[in-house]
Amino acid sequence: MATAQRESPQHAPIRDAQVSPSPRWELHLFDRWTLCGQDGQIALGLREERLLAVLALYGSRSRSYVAGILWPDSTDARAMGNLRAAVWHAEHAVPGLLLHTRTRLALAEDVRLDVHEFLSAVRWVVGPDPTFDTRQLGRAVAILHRGDLLPGWYDDWVLYERSRLAQLRLRALESLAEQLVSLGDTRSALEAALAAVAIEPLRESAQRALIRVHIADGNYLDAVREYRSFRTRLAAEMDVSPSGQLESLIHPLLVSRARIRTSTATATA
């Protein structure tokens, strides 16, 4: 069985890429695998697609590491043979796309990767003091609303990275919703919060973000409905109650509704 050499932890954070202002290629892993050159889209075999995806996610790696990731159920010899074939086909189909020596593999520096754009957007949104540049904010919104990583791929390494990036997306969407509310853009804030809830309906921090948006927009009825729906689902599926943070957020609205009902009942008595 092929094994990846432990040159560094397998699930280390994805590193940034230094790309030129006018990259020769663009590799997209969100929504679907796509490689584009200056003359349009480039088609490769599945083996080559998987090779480029690993290098995009993990950066420069030893050949044995890449072979172990891609063919974990093969012998070392067979995995290395598959890797040599994949490198050969990729190099001949797209000369210059790969940087390779006898021991290491990497993507060329002038490859733009949507994964790195995604991580940059996440860092900007969740940073300690993001600058509220309208154009940058709009770009971050668009990037965070992209689809899943490599949909339809079920390799273990893909499943792990898909889950990991989904968690980063969740955190960024929640933070984005709060920042948009502070800017008065409740419409975009609602889209971000709803996207977070759609990814993980039982995540309380996402529900808090959504309820805050409703409250900021004056939609108190929607806020109470979301809270009650979440409380019911949480109890049914996990047998737990919302935290004190959520309770304190919604409590003033519940008290207000109770007072209105009491006043109405008294007036009609």
Side-chain angles (χ1 to χ4, degrees), residues 1-20 23-119 146-168:
M1 179 178 294
T3 55
Q5 286 187 353
R6 298 179 61 86
E7 55 188 66
S8 61
Q10 178 176 340
H11 303 308
I14 300 172
R15 68 177 180 85
D16 285 333
Q18 299 297 323
V19 298
S20 62
R24 293 176 63 188
W25 302 282
E26 294 187 8
L27 179 57
H28 302 274
L29 304 186
F30 288 103
D31 294 319
R32 65 189 183 96
W33 190 101
T34 307
L35 176 65
C36 296
Q38 295 175 340
D39 295 326
Q41 191 167 322
I42 302 170
L44 291 175
L46 180 58
R47 181 171 53 185
E48 290 72 44
E49 289 182 1
R50 294 170 71 241
L51 168 61
L52 299 187
V54 165
L55 296 177
L57 288 167
Y58 295 110
S60 175
R61 294 284 169 167
S62 69
R63 285 176 176 262
S64 58
Y65 182 93
V66 176
I69 290 292
L70 290 175
W71 295 282
D73 297 326
S74 299
T75 64
D76 289 345
R78 187 174 184 86
M80 291 298 286
N82 289 336
L83 180 61
R84 285 192 296 270
V87 170
W88 188 91
H89 283 288
E91 178 64 20
H92 281 72
V94 194
L97 179 64
L98 291 178
L99 302 177
H100 55 96
T101 66
R102 291 183 59 189
T103 58
R104 297 192 71 82
L105 291 168
L107 292 175
E109 292 185 355
D110 50 353
V111 181
R112 177 172 291 163
L113 302 171
D114 65 345
V115 171
H116 293 166
E117 292 177 345
F118 172 85
L119 290 173
R146 288 173 179 169
D148 288 335
L149 177 80
L150 297 170
W153 292 32
Y154 300 104
D155 306 76
D156 288 344
W157 56 275
V158 175
L159 295 176
Y160 175 86
E161 291 299 337
R162 185 182 299 152
S163 175
R164 190 172 76 87
L165 295 181
Q167 291 299 311
L168 291 177

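In what follows, residues are counted from 1 in the order of the sequence shown.
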Any [X] side-chain heavy atom under 4.5 Å of [Y] side chain:
| X | Y | value |
| --- | --- | --- |
| Leu98 | Leu51 | yes |
| Trp25 | Ile42 | yes |
| Trp71 | Arg50 | yes |
| Leu165 | Leu119 | yes |
| Leu107 | Leu113 | yes |
| Val158 | Leu57 | no |
| Leu97 | Leu52 | yes |
| Leu105 | His100 | yes |

If you measure from [atom1] on [X] to [atom2] on [Y], what distance do you get to the nearest 0.5 Å?
| X | Y | atom1 | atom2 | result |
| --- | --- | --- | --- | --- |
| Arg102 | Ser62 | CZ | OG | 14.0 Å |
| Gln41 | Leu35 | CD | CG | 8.0 Å |
| Leu55 | Leu70 | CG | CG | 8.0 Å |
| Thr34 | Leu44 | OG1 | CG | 11.0 Å |
| Arg164 | Leu149 | CZ | CG | 10.0 Å |
| Leu27 | His116 | CG | NE2 | 9.5 Å |

So which pairs with a foot in residues 82-95 pass side chain to side chain donor-acceptor pair (under 3.5 Å), sequence neighbours left out?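 Non-adjacent pairs meeting side chain to side chain donor-acceptor pair (under 3.5 Å): zero.
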
Closest approach of [X] and [Y], non-hydrogen atoms and distance?
| X | Y | answer |
| --- | --- | --- |
| Ala79 | Ser74 | N-CB, 4.1 Å |
| Ala67 | Met80 | CB-SD, 3.7 Å |
| Arg24 | Asp110 | CD-OD2, 2.8 Å |
| Ala86 | Arg47 | CB-CG, 3.6 Å |

Would you call the rings of Phe30 and Phe118 parallel, tilted or perpendicular, taking 30° and 60° as the class edges?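 Phe30 vs Phe118 ring planes: tilted.
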
Sequence neighbours left out, what passes side chain to side chain donor-acceptor pair (under 3.5 Å) with Asp148? Give chain and number order.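 Result, side chain to side chain donor-acceptor pair (under 3.5 Å) vs Asp148: none returned.
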
Results of side chain to side chain donor-acceptor pair (under 3.5 Å) for Arg146 - residues two or more places apart only: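 For Arg146, the residues satisfying side chain to side chain donor-acceptor pair (under 3.5 Å) (neighbours in sequence not counted) are Glu117.
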
Go through Trp153 and Leu46 one step at a time and tell me if the side chain to side chain contact (heavy atoms under 4.5 Å, CB included) criterion holds. CA-CA 11 Å; Trp153 292 32; Leu46 180 58; 4.3 Å; yes

Using a 3.5 Å distance criterion without hydrogens, assess whether the side chain of Arg162 forms a donor-acceptor pair with backbone atoms of Tyr154.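 Pair absent, no side-chain N/O of Arg162 close to backbone of Tyr154.
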
Quick check with a 6.0 Å cut-off and a 45 degree axis cone: is Arg61 positioned over the face of Tyr65's six-membered ring?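 Yes, Arg61 lies over the aromatic ring of Tyr65.
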
